[in-house]
Amino acid sequence: MELLLFVTGRGIGGDAVTAYNIQNYLQEYGIDSKIVLDPSAPGYYFKKRNMEWLKSPIPNAGGHAATKIKLIKAAFKTLTASIKGARLIRKTKCDGVVGVIGGGAIIGCLSAKLAGVPAVGIVATPTDTKVSLKLNSTLLLPESPLYTKSNVESKYNVHTQYSPIKMDIIEGNKDNILDKLTDKYNPENPSILFSSGSTLFDDMAKAARKFAEENDDVNIFVIGDPLKEELNSIINHPNIINLGYINYIKDLYNLLDLAVITDDGLTLHETIACQIPVVVVLGVKYGRYHNLASVFEGAVLESNVDNISEVVKNALDNQVEMKEAAKKYSAGILNSPADLCKFIKENIEK
């Protein structure tokens, strides 16, 4: 069996990591696959791993933050993109398609329908969820608005699915990175991570700064490449340890007492898998809200920039209970790759 994985985005962030993880897990199940990106995507994540990919148009409407105007503009591009996607499917003679989040799910599923091959949509936004449910079998990620619904209408198979993380994420060792930390690090103090993923967004930088100004008895780590240069001045504070873009995240996880992150994506799944209590800062990424505190009840608290110190203190005070709650979800997250591959295999082979 050989599949095409249509992937939204530029091939550099969380969607690329998700697709990469899916591809590796499928390989373990004897299923070959190839990545498909938009021709404009630089694909740095795959390029760094000496991987090649196929190219076909995958317009992006903005995901969770999509406006009606953006959706209309994307709709005009969708038909052409789907026709070109169907041509690619026929040319490669693949057995099926996996559409990965947003435009990747929409174009992948539509292209598969035009080409007459089976597909599975892995969805996380309102639009890709609606499209996939009408066209083919669907895996609902926790960010999807229908994830917590008990009855989802579709004539195809539907399954809820945690995001597929790398299994070795829980195998970090903090001793590997102690020499990378500055003299600001005090092993006697709790350690807290502030992260909005591979990119540092405005409100996460502001949350870290506000917390640092109000607390001097905590190790405050900030990671990510700043979205804009001026964010560097915000996180330039005596109480902040700015690590920038790192490649030793699993070792850092092993050091943490708490993670302050966004309510979406792989980072949340990774921290929960590592049984780390989480505070999510709402609206960091273009105002998105996924209500993932209800998905991981007891392990996640919601906050905003203004009350970050209050919520973080609450989380530290209830750290034991939050770790126990995270432990309940950890096993499910670690089992999710096997569930995902089984669902894809069964629904493509039908």
Side-chain angles (χ1 to χ4, degrees), residues 5-19 21-22 36-38 41 57-79 81-82 85 97-113 119-149 152-154 156 158-164 196-199 201 261-269 280 282-296 336 340 343-344:
L5 307 186
F6 281 70
V7 185
T8 194
R10 303 174 63 217
I12 62 176
D15 293 332
V17 179
T18 298
N21 292 347
I22 291 171
V36 182
L37 296 176
D38 186 87
I58 303 176
N60 186 357
H64 295 274
T67 64
K68 288 184 179 180
I69 293 176
K70 285 184 177 180
L71 288 172
I72 292 171
K73 288 182 178 179
F76 284 114
K77 299 177 183 177
T78 296
L79 179 58
S82 299
V97 166
V98 178
V100 183
I101 305 175
I106 293 169
I107 301 303
C109 294
L110 286 169
S111 298
K113 184 65 70 175
V120 170
I122 300 177
V123 302
T125 75
T127 306
D128 66 13
T129 299
K130 290 178 183 178
V131 172
S132 183
L133 290 174
K134 293 178 180 178
L135 296 176
N136 42 247
S137 298
T138 302
L139 286 168
L140 300 168
L141 297 182
E143 292 87 349
S144 170
L146 298 184
Y147 183 87
T148 56
K149 302 295 183 183
V152 178
E153 293 185 7
S154 176
Y156 303 98
V158 181
H159 183 65
T160 55
Q161 170 72 48
Y162 290 127
S163 292
S196 47
S198 57
T199 300
F201 282 75
I261 55 179
T262 57
D263 68 331
D264 67 342
L266 290 176
T267 302
L268 180 54
H269 284 75
V280 294
L282 302 180
V284 169
K285 296 181 179 179
Y286 314 111
R288 299 173 184 172
Y289 177 64
H290 303 119
N291 193 27
L292 293 193
S294 67
V295 174
F296 300 108
S336 67
L340 179 145
F343 185 89
I344 291 174

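As the structure is a prediction and not an experimental result, all values here were calculated from the model. We use all heavy atoms of the structure for the numbers below, so side chains are in, but hydrogens, waters and symmetry mates are not. If you read the sequence from its start, that first residue is 1, and numbering goes on from there.
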| field | side chain to side chain contact (heavy atoms under 4.5 Å, CB included) between Val295 and Asn291, intermediate numbers included | value | CA-CA 7 Å; Val295 174; Asn291 193 27; over 6 Å; no
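- Tested against Ser144, the residues Thr129, Thr125, Thr160 include a single side chain to side chain donor-acceptor pair (under 3.5 Å) partner, Thr129.
- A heavy-atom distance below 4.5 Å is found between the side chains of Pro164 and Thr18.
- The line from NZ of Lys134 to CG of Leu110 is 11.0 Å long, rounded to the nearest 0.5 Å.
- Of all heavy-atom pairs spanning Ser163 and Ser336, the tightest one is O-OG, 3.6 Å.
- Distance alone, capped at 3.5 Å, places no donor-acceptor pair between the Ser132 side chain and the Lys130 backbone.
- To the nearest 0.5 angstrom, Ile344 atom CD1 is 8.0 Å from Gln161 atom CD.
- In this structure, Asp263 contributes its side chain and Val280 its backbone to no donor-acceptor pair below 3.5 Å.
- Between Gly102 and Asp128, the closest heavy-atom pair is N-OD2, 2.6 Å.
- For the atom pair Ile101 CD1 and Glu143 CD, the distance stands at 7.0 Å (nearest 0.5 Å).
- Across Val7 and Ala19, no two heavy atoms sit closer than the pair CG2-CB, 3.5 Å.
- In this structure, the side chains of Thr262 and Phe201 stay at 4.5 Å or more apart for every pair of heavy atoms.
- The distance from atom CD1 of Ile22 to atom CG of Leu139, rounded to the nearest 0.5 Å, is 8.5 Å.
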| query | Would Leu340 and Ile122 count as a side chain to side chain contact (heavy atoms under 4.5 Å, CB included) if you check the C-alpha gap in whole Å, the side-chain angles of each, and the deciding distance to 0.1 Å? | reply | CA-CA 9 Å; Leu340 179 145; Ile122 300 177; 4.1 Å; yes
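- The shortest non-hydrogen separation linking Val123 to Ala105 is CG1-CB, 4.2 Å.
- Ile107 contributes atom CD1, which lies 9.0 Å from atom CG of Leu79 (distance to the nearest 0.5 angstrom).
- Heavy-atom contacts from other residues, nucleotides or ligands closer than 6.0 Å to NZ of Lys113 number more than 12.
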| query | Given the rule in the side chain to side chain contact (heavy atoms under 4.5 Å, CB included) test, do Glu153 and Leu133 qualify, once you have shown the distances and angles that lead to the verdict? | reply | CA-CA 8 Å; Glu153 293 185 7; Leu133 290 174; over 6 Å; no
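- With rounding to the nearest 0.5 angstrom, the CG atom of Asp38 is 11.0 Å from the CZ atom of Arg10.
- Nearest approach of Ile58 to Val36, heavy atoms of both residues: CD1-O, 3.6 Å.
- The aromatic rings of Tyr162 and Tyr147 sit tilted, their planes meeting at an angle between 30° and 60°.
- Across every non-hydrogen atom of Ala41 and Gly11, the tightest pair is CB-N, 4.5 Å.
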